[in-house]
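Just so we're on the same page: letters track the sequence lines, and every chain starts at 1.
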Protein chains: 2
Amino acid sequence: MGITKTQIFDQQQNELAQFFKILGHPARIAILQYISKQNTCICNDLVEEIGLAQATISQHLKELKSIGLLKGEIEGKSMCYCIDIDRWTALQKNLNSFFNTTKKNCC
Amino acid sequence: MGITKTQIFDQQQNELAQFFKILGHPARIAILQYISKQNTCICNDLVEEIGLAQATISQHLKELKSIGLLKGEIEGKSMCYCIDIDRWTALQKNLNSFFNTTKKNCC
DNA sequence: TTTTGTTATCGTAATATTGCGATATTATAA
DNA sequence: TTATAATATCGCAATATTACGATAACAAAA
């Protein structure tokens, strides 16, 4: 066992859970917060700023990219990772929609 | 390794990540959605509705309770699990605050 | 008191995540 | 071309999560 039974849930539930899951790590929260403070972002900065190994940071960036929250552009010999505003806003809207439609009380 | 280095992040980052993490499972999303549709909630219903074993559902409920999203009241010989509206609203506000303060673009 | 129904907890197996060193890749600089 | 610097990927070890059967706990009904 141990495998999440995604097949018994619908696409909306799986997608929503996936977004939440990716955001559910303090390093990834910290990365997003740090990037949003900068005008440009280089991974190397993050290694010093966050305090995790370069390989680990790279992995977290990859996951944030996987849900479209970050987009990376090659800039010289380093990478410029940026928050994708359109995606960011869409995600926020999505989450709020979940919160607003799922809150009726019962007892 | 494999242990998340919570000590290198601040409380706000860890808490936020914890909320996201708990919401990051389709079964827990489905549970919240189902509860919000009902007027009362009994765990037994959930087992049939969601399609996971009773022990598994109970575990997911426990996690949702751990961040205060659900409160359970004993009602006869079954449990009435409800969404805690105050907590729910506070959490939504919290997440929106994160989204609003963390979105400046760079490139 | 005994039975019955409901939920919680324990123990365990399967899988996923986290983190890092080592190494590959890629682009500029020398 | 050969360094050099930045980022990505691989492989692995440690830990966490997911799921479930078995069983405990507990309250109402018989």
Smallest heavy-atom separation, A:Phe9 atom then A:Asn14 atom, equals O-ND2, 3.4 Å

So, is [X] near the phosphate of [N], with a side-chain N or O under 4.0 Å from OP1 or OP2?
| X | N | result |
| --- | --- | --- |
| A:Thr56 | C:dG19 | no |
| A:Lys21 | C:dA16 | no |
| A:His60 | C:dT17 | no |
| B:Tyr81 | C:dT6 | no |
| B:His25 | D:dA19 | yes |

### Message
Regarding B:Ala55, tell me which of base, sugar-phosphate or nothing describes its non-hydrogen contacts under 4.0 Å with the strands shown.
### Response
base

inquiry  = Regarding B:Leu52, tell me which of base, sugar-phosphate or nothing describes its non-hydrogen contacts under 4.0 Å with the strands shown.
reply    = sugar-phosphate

Between CZ of A:Phe9 and P of D:dA19 the distance, given in whole Å, is 7 Å

Check: [Y] and [X] side chains under 4.5 Å, non-hydrogen atoms:
| X | Y | answer |
| --- | --- | --- |
| B:Ile22 | B:Leu69 | no |
| A:Lys21 | A:Gln18 | yes |
| B:Leu46 | B:His60 | no |

